[in-house]
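In each ligand, atom 1 is the first atom listed, and ligand 1 is the first ligand listed.
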Amino acid sequence: MQQTATKPERRIPALAVSRGVGIGRVVFLQGEKRHFFRIDLEESQIDAEILRFRSAVTECTLQLNEIASHDPHDSNQPVASIFGVHLLIIEESSLVEKIESVIRDRGVNAEWSLKVVTDKYLAKQNSVADLHFREKYLDIEDVAERLMTALIGSPSMVQLTYSGAVVVARELRPSAILEINNSNPAALITERGGWTSHTSILAREFMLPMASGIRNLERTFSHGDCVIVDGVNGQVIIDPDTDTLAHYDKITAAYTVSNDLPDVISEKATTLDGVEIAIRANVDIPEAYQLARHFGAEGIGLFRSESLITRPGKIPSEDEQILAYNQMAEIVGKAGVKIRTFDIGFDQLTGDGLSSELNPSLGLRSIRFSLQDSTYFRTQIRAIFRAAFKQSIDIVLPMISGVSEILQSRTIIDEERASLAREGIEIGSPKLGAMIEVPSGVFTAREIARRVDFLCLGTNDLVQYLLAVDRDNDSVADWYQTLHPAVIRAISEVISAAKSAGIPLLICGEMAGSAFYVPLLIGLGARELSMNVNSIHQIRRLISGISLSHLNELIERVKTCETADETETVLREHYLANWADLFPPGLLNSKHR
Ligand code: PEP
Ligand code: MG
């Protein structure tokens, strides 16, 4: 890439959450709940964009007229007058005019212009001491929010091609990554997000280099800046000089993968001394399994069914779910799909934006929500039973904290089975599994194991809940220690609980697809791993180069370690001394706590 200005190069440390290197120009993605880009318009597109903005204004005017038209004598009178003020802001203030001027003069899309104008108002608000004026600005903010909702809902004539761009956002939702990935960006930069956040997991799945943990994005970057996202060493380089660009161009080439599919692998992954390890895939889109099968995956070990909820509150119907599960099961065949029931918070299920909790990861989510109001859970269970007719599909219950949740879930599952039978509907017989990922689940894993057909271990949440460290928060990334002795003991305990009950255990979190941790998991007794598609090839190669006899010795040493750092050093030294060539370049030099 050509550099345009002669500004000095700046290097900013970041958290590398998806490996690889991406070089491109900065494109900002705005919005917390809804994302939008800055789009530079062609001269010929400006009039259409202004028309689009005007129709959003008309829509908001209609909405406000409707709300403000309440009888002034009824008890809603204050409501009517507030929204009457909002109407005046739209109809008589210069807000609309100013936004149109920005669209025209700067040649940018309506969403961006709205943001530029509102930001100016907000900046003024902060400098005004008079409370009355401050409150006025709150009204303006509210109107701007309404306009933004109308704009984002309206189809745009202007499409942004962010092919080759570096997308910069405060936070990215997983659904945004799916959308962005369609147009082939070079890399992603976010302010928030840890290694196991769903956004980072998807970025790795799509092989999109990503760096997070950079503060004050808008002060750090400008639209159109040339940047290098170094997702290997964890840094972002702004305005790189020619030597730096040449150096990174070579690295980018090394990370470019061939599109050629290998032949389908059907044998199990086996260690040098003949221990078979089942490799399954974490897959949310049916097509991704095609690739997984070529790499030798045996079925889908984790289908995060909440990926079917494309917008908050838009829960797929029973028939829509059956269709999705069938598609998945047909592609996978006998090897089977493990469908994890909705692992999502209350606000995402209701979509009303009013029910956000102060502490969502400890709140009404996942299995708790399914049991508290079983409506959606019952629909999902019915859909799974129906899709499982002649197909190999199992159910996984997330966030199980003890036996009582299994008993309650079983009651609902049995009721739905009976009700389907009464209706004469053909159903299958899915097995039931529990995802162990909270400490209480670890300590009661033996009891839980006696009441289910298999266990899954969710290491992403296990680390989060065991160490009380938010997995999505990069500021505490140093405390998110996968190799903490408590985590290793918890994993051993769950492996042993499954073994005693004589049921399979599938390890699912990011740990299971990460080369640095896989020998440790196998040494601790794991025999089934479920991982992202892009990890399969590398992990299979690693497994076929290690031997259990060698691992036993290593595990004995690991068990004596008192800190994550010490464990990391022991593992690294062992790998370097015995299996250095089995690891991807650079992996053994980077941090793996
Ligand atoms: C986990 O917690 O490890 C897991 C497998 O699920 P998720 O990442 O979706 O929470
Ligand atoms: Mg989880």
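In terms of polar-atom proximity, defined here as any N/O pair under 3.5 Å, Glu437 does make such a contact with ligand 1. Polar contact with ligand 1: present for Thr459 (N/O pair, distance under 3.5 Å).
Ring centers of Tyr575 and Phe516: under 6.0 Å apart, within the cut-off. In this structure, His294 has its ring center at least 6.0 angstrom away from the ring center of His537.
Atom 3 (O) of ligand 1 has its closest protein heavy atom at Asn460 N, 2.7 Å. Ranking the protein heavy atoms by distance from atom 7 (P) of ligand 1 puts His198 NE2, 3.3 Å first. For atom 6 (O) of ligand 1, the closest non-hydrogen atom of the protein is Arg340 NH1, 2.8 Å.
Taking 2.8 Å as the threshold, Asp343 does not count as a candidate ligand of the Mg ion (ligand 2), since none of its N, O or S atoms lies below it.
The closest approach between a heavy atom of Arg471 and any atom of ligand 1 is below 4.0 Å. Residue-ligand proximity: Gln464 is placed with every non-hydrogen atom at 4.0 Å or more from ligand 1. Residue-ligand proximity: Met511 is placed with every non-hydrogen atom at 4.0 Å or more from ligand 1.
Remark: at the Mg ion (ligand 2), atom OE1 from Glu437 and atom OD2 from Asp461 enclose 90°, rounded to the nearest 10 degrees.
Under the 4.0 Å criterion applied to side-chain N and carboxylate O atoms, Glu415 and Arg378 are assigned as salt-bridge partners. Salt bridge Arg368/Glu405: absent, no basic N to carboxylate O contact under 4.0 Å.
Every atom of ligand 1 with a heavy atom of Asp461 under 4.0 Å away is listed here by number and element: 1 (C), 2 (O), 3 (O), 10 (O). Near Leu302, meaning under 4.0 Å from any of its heavy atoms, are these atoms of ligand 1: 5 (C).
Residues Asn473 and Ser475 have side chains that bring a donor and an acceptor to within less than 3.5 angstrom of each other. Inspection of the Asn460 and Glu437 side chains reveals no N or O donor paired with an N or O acceptor under 3.5 Å.
Using a 4.0 Å cut-off between heavy atoms, Arg304 contacts ligand 1 through its side chain alone, with no backbone atom that close.
Within the 4.5 Å cutoff, the side chain of Gln464 has heavy atoms near those of the Asp470 side chain.
Counted within 6.0 Å of CH2 on Trp479, heavy atoms from surrounding residues, nucleotides or ligands total 12 or fewer; the atom is thus considered open. Atom CZ of Arg557 is surrounded by 12 or fewer heavy atoms from other residues, nucleotides or ligands within 6.0 Å.
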